[in-house]
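Note that ligands are numbered from 1 as they come in the structure, with each ligand's atoms numbered from 1 the same way.
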Amino acid sequence: MCGIVGYLGEKEKKEILIEGLGELEYRGYDSAGIAVMAGEELRHFKAVGKLENLKRKAENFESEGYGVAIGHTRWATHGKPTELNAHPHSGAFSYVVHNGIIENYQQIRERLEKEGVNFLSQTDTETIVHLFEYAIKRGMDPHEAFVETIGELEGAFAILLISRAEPEKIFFAKNGSPLLIATDGEDIYFASSDTAVIGRAKEAYYLEDGEYGWAERGRLAIFREKEMVEAHFKNLPSDKAMARKEGYRFFMEKEIYEQSRVIADTMLGRVLDEGIFFEELEESFFDGIENIEICACGTSYHSALAASYLFERVAKIECRVEIASEFRYKEPLLSKRTLFITISQSGETADTLEALKMAKKSGLKTLSICNVDNSSIVRLSDATLLTRAGIEKGVASTKAFATQMMVLWMLVLYLAKRRGAIEACRLEEELEAMRKAPKVLMVAESLHQRIHRLSKRYLHGHGFFYIGRDLFYPLALEGALKLKEISYLHAEGYPAGEMKHGPIALADSELFTIALMPSSVLYEKMRSNVEELSARDATILAISPERFDIADDFIETRYSEHPMLEFFEMMVVTQLLALEISVRLGNDVDMPRNLAKSVTVE
Ligand code: G6P
């Protein structure tokens with residue numbers, strides 16, 4: 001999804017912008033651009049496709065001395081991914097970059113066109129810069145013009161604007177899309193995510209919805225409803241190395257291998273001898289809670305679905321799970337006795353955020369499970385459990401999913417104990433299994449090699465079915481999602497027991513079935529379901545600790561003592577399988593076509 005960076009200072013502006021945009025690449029984009037004002041000179045460069053193209057275009061450009069600069073990576077929403085539609089958008093003397101969607105842009109555009117304003121692009125964003133300049137033409141000073149402009153906008157936005165009318169300032173505004181201001185003590189940086197400024201800036205202020213203002217050398221003015229706001233800056237981590245590939249071919253591969261380590265981080269200080277402890281949660285937080293509703297999107301939805309089995313089975317608490325975009329418009333019946341949980345890697349997913357707002361409006365207690373501290377979802381929730389996965393760069397989520405599952409498993413045990421739903425010896429067994437998870441998640445070289453070899457047999461066919469039962473059904477959904485995201489092959493996750501009610505009609509030797517066959521959960525049932533498919537000549541790849549003769553291919557797993565350990569081990573297998581198939585097909589594993597890492601529009 002779109003990324004924003006801004007810079008105000010003496011350093012080489014082009015480099016800072018392009019470097020910052022590079023750090024946001026993982027979010028997905030289809031064009032990019034920068035605008036730089038140094039002295040009287042206001043220049044811009046735009047290019048379709050990768051940042052390399054932009055770099056080439058701006059190759060001979062250098063700016064000296066103090067100046068202001070803004071940059072953007074665009075993920076097309078209104079208008080095709082063309083150079084004309086790429087940001088920054090300009091008027092006669094100003095440039096703007098914008099994330100989000102201006103919902104009333106058509107009305108504004110028609111009005112301005114009647115006044116003789118000429119539009120070049122098909123974007124909603126261009127209306128912003130014209131509104132601003134039109135206000136100046138009507139005699140307003142740039143500050144008034146900016147306030148007037150954002151006052152007219154409906155929808156979600158994070159905006160940076162520079163103008164020859166006020167050449168030493170960057171104007172900014174935030175409403176519904178993330179934006180932060182950062183500093184190294186000297187210069188000022190802007191970004192839609194702190195990833196873009198880590199390593200350069202030392203501290204950041206995360207703007208709240210409704211905040212706007214302007215920055216110039218040595219001065220920052222932030223307002224909310226015309227009142228000046230005091231910015232409380234927070235320290236940023238300095239560790240940029242975390243965000244690099246460290247010798248792996250792809251970020252996704254690195255992140256798969258990291259899972260063992262980050263899951264240990266997730267557990268740190270939380271898995272104690274007597275049970276689970278969450279520093280972030282008051283004991284009383286769950287008072288009066290009778291059931292759970294979870295909302296999420298994509299991979300996070302799959303972790304929610306898997307957890308719902310555990311909440312009901314182990315913690316004996318009713319749990320409903322909804323895709324956030326469905327929840328928003330179904331006019332759901334909400335009760336104050338429900339704990340509303342949102343799960344999100346980024347903490348910025350628009351549908352999940354809106355679902356959270358709805359729950360808050362209805363007076364529900366809210367808890368988020370999130371990977372990004374200070375993200376919109378975290379800030380809005382009553383309480384948060386951070387997943388501690390570290391920055392996840394691969395668009396296809398891996399370690400974020402693993403850590404979400406771990407936090408959810410911990411939360412299940414925490415609630416089970418609190419509700420008296422689990423016996424002491426059973427809790428002990430669960431904790432013992434939990435402590436083994438980092439080991440289970442270690443990637444054995446031999447396993448990766450085997451999957452690499454097998455992958456060559458799975459590059460064609462008319463489709464993949466990932467099947468599983470119980471907890472392993474959501475894992476099948478996630479396995480199929482991983483494959484389709486990065487291989488562009490058609491894959492579906494299905495509850496194994498449901499195959500005979502339709503999908504089995506597709507079975508022939510060109511239908512690839514990836515069967516998740518844990519020995520600790522419904523093994524015999526699963527076996528019969530796979531036999532039914534095999535009898536119809538489907539090609540079967542079985543993943544199981546039990547040898548299974550009728551499978552065409554077999555990946556043997558090692559840990560069978562606990563469903564969650566089997567879950568984690570099979571999760572790694574499905575991730576590696578998707579990775580290796582995608583590599584063989586020559587795809588861009590980290591930045592698959594049409595996808596965005598953080599989806600900040602509905
Ligand atoms: C996008 C990403 C997915 C992610 C989903 C939800 O579609 O490509 O990987 O699962 O958004 O994102 P969230 O940040 O809320 O977990």
(message) Taking ring-ring contact (aromatic ring centres under 6.0 Å, His included) as the definition, give me every residue that meets it alongside F233, ordered by chain and number, with sequence neighbours left out.
(response) none

(message) Given the ring of F278, does R270 sit roughly above its face, with NZ or CZ under 6.0 Å from the centre of the six-membered ring and within 45° of the axis?
(response) no

(request) Please collect all side-chain hydrogen bond (donor to acceptor under 3.5 Å, both in side chains) contacts where either partner lies in residues 301-314, sequence neighbours excluded, each pair once. (result) H302-E478, S303-Q404, R313-D470

(request) Using distance alone, with no hydrogens and no angle criterion, decide if S368 and T384 have a side-chain donor and acceptor under 3.5 Å apart. (result) yes

(request) Tell me yes or no: between the side chains of T123 and S121, is some donor less than 3.5 Å from an acceptor? (result) yes

(message) Going by salt bridge (Lys or Arg N to Asp or Glu O under 4.0 Å), name the residues that satisfy it together with K361, two or more places apart in sequence or in a different chain.
(response) none

N or O contacts of ligand 1 with protein under 3.5 Å, please list pair by pair.
{"residue": "ligand 1", "atom": "8 (O)", "partner": "A596", "partner atom": "O", "Å": "2.8"}
{"residue": "ligand 1", "atom": "9 (O)", "partner": "V395", "partner atom": "O", "Å": "3.4"}
{"residue": "ligand 1", "atom": "10 (O)", "partner": "T299", "partner atom": "N", "Å": "2.9"}
{"residue": "ligand 1", "atom": "12 (O)", "partner": "T349", "partner atom": "OG1", "Å": "3.2"}
{"residue": "ligand 1", "atom": "14 (O)", "partner": "S344", "partner atom": "OG", "Å": "3.3"}
{"residue": "ligand 1", "atom": "14 (O)", "partner": "Q345", "partner atom": "N", "Å": "3.3"}
{"residue": "ligand 1", "atom": "14 (O)", "partner": "S346", "partner atom": "N", "Å": "2.7"}
{"residue": "ligand 1", "atom": "14 (O)", "partner": "S346", "partner atom": "OG", "Å": "2.6"}
{"residue": "ligand 1", "atom": "14 (O)", "partner": "T349", "partner atom": "OG1", "Å": "3.4"}
{"residue": "ligand 1", "atom": "15 (O)", "partner": "S344", "partner atom": "OG", "Å": "2.6"}
{"residue": "ligand 1", "atom": "15 (O)", "partner": "T349", "partner atom": "OG1", "Å": "2.4"}
{"residue": "ligand 1", "atom": "16 (O)", "partner": "S300", "partner atom": "OG", "Å": "2.5"}
{"residue": "ligand 1", "atom": "16 (O)", "partner": "Q345", "partner atom": "N", "Å": "2.6"}

